[in-house]
Amino acid sequence: MTVDQVGIANLPNQRFKIVSKEGATFTLMVAGESGLGKSTFVNTLFQSTLKTPVDNKARYKRGIHATVEIEVTRAELEERNFKIRLNIIDTPGFGDNVNNKDSWQPIVDFIDDQHDSMMKQEQQPARGDKKDLRVHACLYFIRPTGHSLKPLDIEVMKKLGTRCNLIPIIAKADTLAQKEMNEFKSRIRQVIEAQDIRIYTPPIELDDQASSDHAKSLIESMPFSVIGSGEDEIEVAPGQFVKGRQYPWGIAEVENEDHCDFKKLRSLLLRTNMLDLILSTQELHYESYRTLKLESAETGSKRSRRLHNPKFKEEEEALKKYFTEQVKAEELRFKQWEQNIVTERHRLNKDLEEVQATIKDLEEQVKRIQLGKK
Amino acid sequence: MATEHSAHASKESLGITSAPLSEKPAPAREVKVIRRKLNGYVGFANLPKQWHRKSIRRGFNLNVMVVGESGLGKSTLMNTLFNRNLYSASSAAIPATEKPSAVEIESLSADIEENGVRLHLTIIDTPGFGDAINNTDSWTSIVSDINNRFDTYLEAESKVTRNTIADTRVHALIYFIEPTGHSLKPLDITFMKQVHGKVNLVPVIAKSDTMTEEEIVEFKQRINDDIITHNINIFKPAQFENDDDDTILSTQDLIAKIPFAVVGSTTAVTTADDRQVRGRSYPWGVIEVDNEEHCDFVRLRDLLVRNFLEELRERTGNVLYENYRTEKLKKMGIDQDNSVFREFDPNLKQEEEKVLHEAKLAKMEAEMKTVFQQKVSEKEKKLQMSESELFARHKEMKDKLLKQVKVLEEKKSQLEKSKTTTGDGSLQPAQKTRKGFLR
Ligand SMILES: Nc1nc2c(ncn2[C@@H]2O[C@H](COP(=O)(O)OP(=O)(O)OP(=O)(O)O)[C@@H](O)[C@H]2O)c(=O)[nH]1
Ligand SMILES: Nc1nc2c(ncn2[C@@H]2O[C@H](COP(=O)(O)OP(=O)(O)OP(=O)(O)O)[C@@H](O)[C@H]2O)c(=O)[nH]1
Ligand SMILES: [Mg+2]
Ligand SMILES: [Mg+2]
């Protein structure tokens, strides 16, 4: 007797269908110093102008007051009938100041705030319409110096790695020669290891050869080197176009694996590991934030909100200055007052001295009279 | 050329919605969303495939509760559905008289695998339902079991550490209707109304081989009428516009056949044309369980497993459990705070920070002012004190000195007087006079 299957084998297809129908929400953060091509990269990755790059004049104008301001770009993209709600968290101008101490704090706060908000939403009795901006992946752009990671990079990456899936990236890969790139990469890897920086690692599924080989090749390429290019493609042969940057000496191609790791990074972000990024954010990063928060709430400690706006600092300074001046003015008044008292004391002493002189004089006179009588 | 083309095409299909940003920040700002259909392949469309793989790795689970009067073939049907002997032979019916009046809840689990896909199945059986003479309370233990399962989940999701939450909630409740051919019994209606807000309710006509085709059609009609008149919510799979035509048709067929008329049997019988099938053999013929012409068994299985298992689970988690939780928390006195559901808005955040900052400034100013004023008045007091002390001391000294002056002047004038009038011996009376003057 042959009996039909129960239908369990079809269950993954149901999942597939439900996800296809619902689409997905994906939140990508780009962080790193200004001008490393973060906005350009986002556009290259999604093949559409989502971010208008800041022109250099505007960049210069921001000048020394450059704030790390969080910018959220929301997009609904569709390909092959699949919809994705994409949130790009851009952090322009990071590290522009002379003193960049704490300049990363707003970025770190943003990630924490999203976790915090999710916790608060989850705790409500009715919670149908949750707003979720938890960062699924944070691309950290490293300046292609050819040296090593800067102390600021290390500090920021440490903070980011414990909060979200951190993916380090070497920006503007077209500025480093092959050998330089390899050396740069291995130095960065050494620093990441020595400094115990947590970066996202694709899981290796040992029971699946193809998938584990792919994961290994991704891991070996980290940190990914990328080249970003504008929307215009370059015609390399009649009717044949590539994305890249045209130089007199050749074309640095975005999607050429010999030129940079763009394709590997794209695979990790979208084609092969997007789900793992989403799930690990929920199950690892969010859960550990939540546990920590609940535990610290039990012991009563509370994270006080730090404010970073330099204008706020200025106002505080102004207030302090105002009081310092008031104090100075009062001090002057008191000094004068004290001076007056001293003068007065002098005057009064003199006055007494005069009387004393009169007394002396009188005593003399009396004495003289008495003597004269004898 | 390709560039031009794609740029042009994407502009055509743009539909960028940029909500007009009002001059003044309104409390509920509209969020600007860029909408675009991509021409090339970026790769995020691969996500459903990633889910497909992931779901195989993680496996599936299903908790089915079966309720119905004794002997309606509940155990047999479950065995037939999952094609295995879930119930051990020993669990045969105990004589009715010895049965406790309350309904017992029994749960049994099995791990089933097909083509590398694993399903962890749990059957929650409720023997004893409807057995008592007075069945007013027969559903209470079932309802409280369903609630307890929700409570367990609620507790698990509220814990400080919650790695993986085991889902023991009831994903589907199969309610067995006796094939009377009349209509629903009062107990059926009462029971279904007790649970229809808490579970995906799947009513089935039990042992439908005891009814003719015509009878079944009429019986189904009457049951559906009853369901409508009594406002009972039963589970109906959702239909989607972008499903392919075949899927739409088969889903429509499925819905049209509700409540399913089922037959259960795990025994192989031989048909007239010599096929070995699962079914029941009668002198007048063989009823084949797996034959869609004979009964709705396959449709029930499609609904429970093949096509809608995930939908049953999603609805349990997203709708039924959420409703239960909302009500429970509100009853516990937890107030809803809708302000936490707002969209992230950097401006709003800045405004919030400004408020915080201003509060901080005000506090700083107040503190500094207090300290300042205190210090100033302390100093003022000190200076005033030393001033008045100075004057007081001066006055005291001066008075003393002036007294001396007076005494001396007196003495002097006395002496001068006595010098001119008397002479040497007049010293004594002069002293006397002085004393008198002082008094
Ligand atoms: N050589 C080279 N230049 C690039 C690359 N990607 C972007 N650029 C150029 O770098 C400049 C800055 O690019 P943006 O994308 O605006 O940089 P950003 O990191 O977003 O800058 P901020 O928003 O100020 O933080 C632009 O002139 C780009 O054309 C690249 O891969 N290689
Ligand atoms: N005619 C007919 N008999 C059935 C069918 N399914 C089961 N039976 C028979 O009905 C009897 C009771 O079946 P069970 O599966 O033990 O019924 P149950 O609902 O589990 O009974 P309790 O566990 O006592 O509540 C058995 O003799 C079965 O062979 C059916 O579809 N048609
Ligand atoms: Mg930018
Ligand atoms: Mg039974």
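Proteins get letters first, then strands, A, B, ... in listed order; numbering begins at 1 in each. Quick caveat, the model's predicted, so the values are computed rather than measured.
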Residue, of [options], that accumulates the most heavy atom pairs under 4.5 Å with chain A:
{"options": "L402(B), V371(B), D337(B)", "answer": "D337(B)"}
{"options": "I56(B), T326(B), D302(B), N46(B)", "answer": "T326(B)"}
{"options": "L329(B), V319(B), V305(B)", "answer": "V305(B)"}
{"options": "L309(B), T164(B), L81(B), L401(B)", "answer": "L401(B)"}
{"options": "R275(B), K369(B), R342(B)", "answer": "K369(B)"}
{"options": "M364(B), H52(B), R162(B), K412(B)", "answer": "R162(B)"}

Contacting moiety of [X], where chain B heavy atoms sit under 4.5 Å:
{"X": "E363(A)", "value": "both"}
{"X": "L133(A)", "value": "side chain"}
{"X": "T73(A)", "value": "side chain"}
{"X": "R85(A)", "value": "neither"}
{"X": "I18(A)", "value": "side chain"}
{"X": "E344(A)", "value": "both"}
{"X": "V72(A)", "value": "side chain"}

Select, from [options], the one with the greatest count of heavy-atom pairs under 4.5 Å involving chain B.
{"options": "L348(A), N81(A), L269(A)", "answer": "L348(A)"}
{"options": "D207(A), L45(A), N349(A)", "answer": "D207(A)"}
{"options": "K83(A), K21(A), K120(A)", "answer": "K21(A)"}
{"options": "E76(A), E331(A), Q356(A)", "answer": "E76(A)"}
{"options": "Q114(A), K130(A), Q326(A)", "answer": "Q326(A)"}
{"options": "I8(A), I341(A), L270(A)", "answer": "I8(A)"}

Set of salt bridge (charged side-chain N to carboxylate O under 4.0 Å, His left out) partners for D208(A), sequence neighbours left out: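 With sequence neighbours excluded, D208(A) shows a salt bridge (charged side-chain N to carboxylate O under 4.0 Å, His left out) to R53(B), given in chain and number order.
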Residues that R266(A) engages under salt bridge (charged side-chain N to carboxylate O under 4.0 Å, His left out), provided they are two or more places apart: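 Result, salt bridge (charged side-chain N to carboxylate O under 4.0 Å, His left out) vs R266(A): E255(A).
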Contact part of [X] toward chain A, heavy-atom cut-off under 4.5 Å: side chain, backbone, both or neither?
{"X": "F44(B)", "value": "both"}
{"X": "E157(B)", "value": "both"}
{"X": "K375(B)", "value": "neither"}
{"X": "D335(B)", "value": "backbone"}
{"X": "Q384(B)", "value": "both"}
{"X": "T247(B)", "value": "side chain"}
{"X": "K49(B)", "value": "both"}
{"X": "F60(B)", "value": "side chain"}
{"X": "R58(B)", "value": "side chain"}
{"X": "F308(B)", "value": "backbone"}

How close do R290(A) and V160(B) get, counting heavy atoms only, and between which atoms?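 Heavy atoms of R290(A) and V160(B) come nearest at NH1-O, 3.2 Å.
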Minimum-distance pair of heavy atoms, taken over all atoms of E22(A) and E314(B):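 Smallest interatomic distance, heavy atoms only, reads OE2-OE1, 3.6 Å.
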Within-4.5 Å side-chain heavy-atom neighbours: [X] and [Y]:
{"X": "V19(A)", "Y": "Q50(B)", "answer": "no"}
{"X": "E330(A)", "Y": "K379(B)", "answer": "no"}
{"X": "R74(A)", "Y": "K32(B)", "answer": "no"}
{"X": "K411(B)", "Y": "Q370(A)", "answer": "yes"}
{"X": "P12(A)", "Y": "V117(B)", "answer": "yes"}
{"X": "R36(B)", "Y": "E78(A)", "answer": "no"}

[Y] backbone acceptor or donor facing [X] side chain under 3.5 Å:
{"X": "E114(B)", "Y": "G7(A)", "result": "yes"}
{"X": "E79(A)", "Y": "G43(B)", "result": "yes"}
{"X": "Q14(A)", "Y": "R306(B)", "result": "yes"}
{"X": "Q336(B)", "Y": "A126(A)", "result": "yes"}
{"X": "R271(A)", "Y": "V42(B)", "result": "yes"}
{"X": "Q121(A)", "Y": "F341(B)", "result": "no"}
{"X": "R325(B)", "Y": "P125(A)", "result": "yes"}
{"X": "Q124(A)", "Y": "N338(B)", "result": "no"}
{"X": "T291(A)", "Y": "T161(B)", "result": "no"}

No-hydrogen, no-angle side-chain donor-acceptor test under 3.5 Å, W337(A) and E380(B):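 Distance-only check fails for W337(A) and E380(B).
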Other residues, nucleotides and ligands only: do more than 12 of their heavy atoms fall within 6.0 Å of [atom1] on [X]?
{"X": "F391(B)", "atom1": "CZ", "result": "yes"}
{"X": "K395(B)", "atom1": "NZ", "result": "no"}
{"X": "E327(B)", "atom1": "CD", "result": "no"}

Measuring from [X]:[atom1] to [Y]:[atom2], what's the distance to the nearest 0.5 Å?
{"X": "K17(A)", "Y": "E311(B)", "atom1": "NZ", "atom2": "CD", "result": "8.0 Å"}
{"X": "E310(B)", "Y": "L11(A)", "atom1": "CD", "atom2": "CG", "result": "6.5 Å"}
{"X": "K360(A)", "Y": "Q404(B)", "atom1": "NZ", "atom2": "CD", "result": "12.0 Å"}
{"X": "L408(B)", "Y": "K367(A)", "atom1": "CG", "atom2": "NZ", "result": "11.0 Å"}

Salt bridge (charged side-chain N to carboxylate O under 4.0 Å, His left out) between K54(B) and E205(A), intermediate numbers included: CA-CA 11 Å; K54(B) 191 71 168 191; E205(A) 297 161 346; 5.4 Å; no
Checking side chain to side chain contact (heavy atoms under 4.5 Å, CB included) between L47(B) and each of F82(A), F26(A), F16(A), which is the one that passes?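 Of the listed options, the one satisfying the test is F82(A).
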